[in-house]
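Presented below is the structure to which this report refers.
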There are 2 protein chains.
Amino acid sequence: MKLGEGVEAAIHCTMVLATLGPGETLPAAAMAEAYGISPSYLLKHLKTLVAEGLLESVPGPNGGYRLARASDRITLLDVVLAVEGRAPAFRCMEIRQGGPVKLPKAVYAKPCGVNAAMLKAERAYRAALAETSIADIVADFNAEADPRAVEAVCAFAERYRRPQG
Amino acid sequence: MKLGEGVEAAIHCTMVLATLGPGETLPAAAMAEAYGISPSYLLKHLKTLVAEGLLESVPGPNGGYRLARASDRITLLDVVLAVEGRAPAFRCMEIRQGGPVKLPKAVYAKPCGVNAAMLKAERAYRAALAETSIADIVADFNAEADPRAVEAVCAFAERYRRPQG
DNA sequence: GATTATCTACTCGGATAGATTATGTCCGAGTAACTGTGG
DNA sequence: CCACAGTTACTCGGACATAATCTATCCGAGTAGATAATC
């Protein structure tokens with residue numbers, strides 16, 4: 001039960017991309033510098049987000065990344081699943097069938113109760129993540145965070161944003 | 001976002017230990033054989049469960065493991081946290097502070113909104129796990145599962161159980 | 001001076017090493033039961 | 001026949017290899033813009 005470090009980066013990058021105007025892009029190198037992380041490694045995760053349909057990439061000079069759809073239609077769940085994979089955290093290996101005594105397959109027709117309980121909990125987890133959109137997080141940040149932090153993010157986006165794409 | 005394979009084994013072992021009478025124990029080797037997993041590796045996880053206070057171990061001949069408290073007071077959350085650790089799955093690295101522009105620490109006094117949202121989801125996950133006790137899972141298994149599977153588990157426990165401890 | 005072909009520089013994308021964690025295994029410490037002996 | 005000491009075999013506990021995964025990096029493909037030659 002441990003999420004990769006790239007999830008945090010992916011969420012923050014998605015947030016800052018949400019502050020851009022329509023069509024504007026931001027290069028990966030700028031975001032990597034802004035958060036003090038490896039550009040190559042961030043690129044790896046951004047690539048995944050593009051493949052998952054959350055972001056769009058524009059190659060060439062003045063290229064960069066932008067959201068593939070409005071920020072209020074991208075949830076934290078979308079980002080987490082894109083980076084970590086859609087497979088459930090608990091993967092039932094059916095060890096209940098692993099013993100030496102082999103019963104007919106029909107005995108195990110009903111799904112394992114343990115698996116059911118674990119998946120139920122994971123549904124609750126995902127539902128909670130799905131309740132919060134990137135737009136919500138950004139709005140909360142702008143409203144609640146220290147004005148200097150908000151100003152710093154705006155200045156950063158203003159400096160590195162690329163028009164149109 | 002991925003749980004170790006040992007979680008499933010730990011839950012199933014806890015369940016079968018819950019079917020024993022008071023004071024009775026079951027050796028690790030028996031459970032490993034019943035589920036077709038490595039005895040040494042299972043022992044590793046059982047050891048952890050003992051250290052976490054969920055199980056008790058009895059050394060020597062006729063030794064084994066038993067629950068440290070009643071099965072209706074052991075939840076799935078207890079087992080998962082014992083095996084996977086109590087640390088949250090999402091660990092905020094504060095990359096928002098990682099950039100080249102250094103703002104006063106007071107700016108970051110309020111916790112990161114991303115972290116808050118992720119931890120909220122994880123609280124929902126843990127709450128769902130805490131709702132289900134091992135006794136619940138066992139009762140559901142006895143009521144819903146195929147009678148042949150129930151019989152197999154009973155026969156197994158009957159064969160390997162050790163009196164008293 | 002306008003147009004066009006070329007060239008350059010900058011971007012993302014995929015394939016490639018290193019580090020950390022999870023998985024799987026082995027041997028040693030400790031204890032209860034068994035065995036043989038003596039009373 | 002009973003008590004007792006020694007031995008044995010079986011259990012868990014901790015330290016040690018192996019495999020998988022996450023982290024980090026480098027080089028290549030592609031494109032927009034700048035440049036310079038040409039009409």
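All values derive from a computational prediction rather than experimental measurement. Each chain gets a letter, A, B and so on, in the order the sequences are listed, and its residues count up from 1.
For the pair B:Ser38 and C:dT25, the criterion of a side-chain N or O lying under 4.0 Å from OP1 or OP2 is met. Residue B:Tyr65 places at least one side-chain N or O under 4.0 Å from the OP1 or OP2 atom of D:dG13. For C:dG13, the OP1/OP2 oxygens have a side-chain nitrogen or oxygen of A:Ser57 closer than 4.0 Å. A sub-4.0 Å separation between OP1 or OP2 of D:dC10 and a side-chain N or O of B:Arg162 is absent. B:Tyr160 has no side-chain polar atom (N or O) that falls below the 4.0 Å cut-off from OP1 or OP2 of D:dT11.
In this structure, NZ of B:Lys47 is placed 14 Å from C1' of C:dA29, rounded to the nearest angstrom. Rounded to whole Å, the distance from OH on B:Tyr35 to P on C:dG24 is 17 Å. At whole-Å resolution of the value, CD in A:Glu5 and C1' in C:dG18 are 15 Å apart. Rounded to an integer number of Å, the gap from B:Leu26 CG to D:dC12 C1' is 14 Å. Rounding to whole angstrom units, CD of residue B:Glu8 and P of C:dA22 are separated by 17 Å. Between A:Tyr41 atom OH and C:dG13 atom P there is a gap of 17 Å when expressed in whole angstrom units. The separation between B:Leu46 atom CG and D:dG13 atom P is 9 Å, rounded to whole Å. Between the CG atom of B:Asn62 and the P atom of D:dC12 there is a distance of 11 Å, rounded to whole Å.
A salt bridge links A:Lys110 with B:Glu144: at least one charged nitrogen is closer than 4.0 Å to a carboxylate oxygen. With respect to B:Glu122 and B:Lys120, no salt bridge is recorded, no charged nitrogen being found less than 4.0 Å from a carboxylate O.
When the nearest nucleotides of DNA chain D are assigned to A:Glu84 and B:Val50 by heavy-atom distance, the more 5′-ward of the two goes with B:Val50. Both B:Gly63 and B:Arg91 lie close to DNA chain D; mapped to their nearest nucleotides by heavy-atom distance, the more 5′-ward contact belongs to B:Gly63. Place A:Gly64 and B:Leu3 on DNA chain C by their nearest nucleotides, and A:Gly64 ends up nearer the 5' end.
Which of D:dT25, C:dG13, C:dA32 sits closest to the side chain of A:Ser40 comes down to D:dT25. Closest to the A:Ala28 side chain, of the nucleotides D:dA24, C:dT25, C:dC12, is C:dC12. Relative to the side chain of A:Lys44, the nucleotides D:dA24, D:dC12, D:dT31 differ in distance, and D:dA24 lies closest. When each of D:dT25, C:dT25, C:dT31 is scored by its nearest atom to the side-chain atoms of B:Pro59, the top-ranked nucleotide is C:dT31.
Inter-residue side-chain proximity for B:Leu119 and B:Asn115 is flagged as met; some heavy-atom pair is nearer than 4.5 Å. Under the 4.5 Å side-chain criterion, counting only non-hydrogen atoms from C-beta, A:Arg66 is not in contact with A:Leu17.
More than 12 heavy atoms of other shown residues, nucleotides or ligands fall within 6.0 angstrom of atom CZ in B:Arg69.
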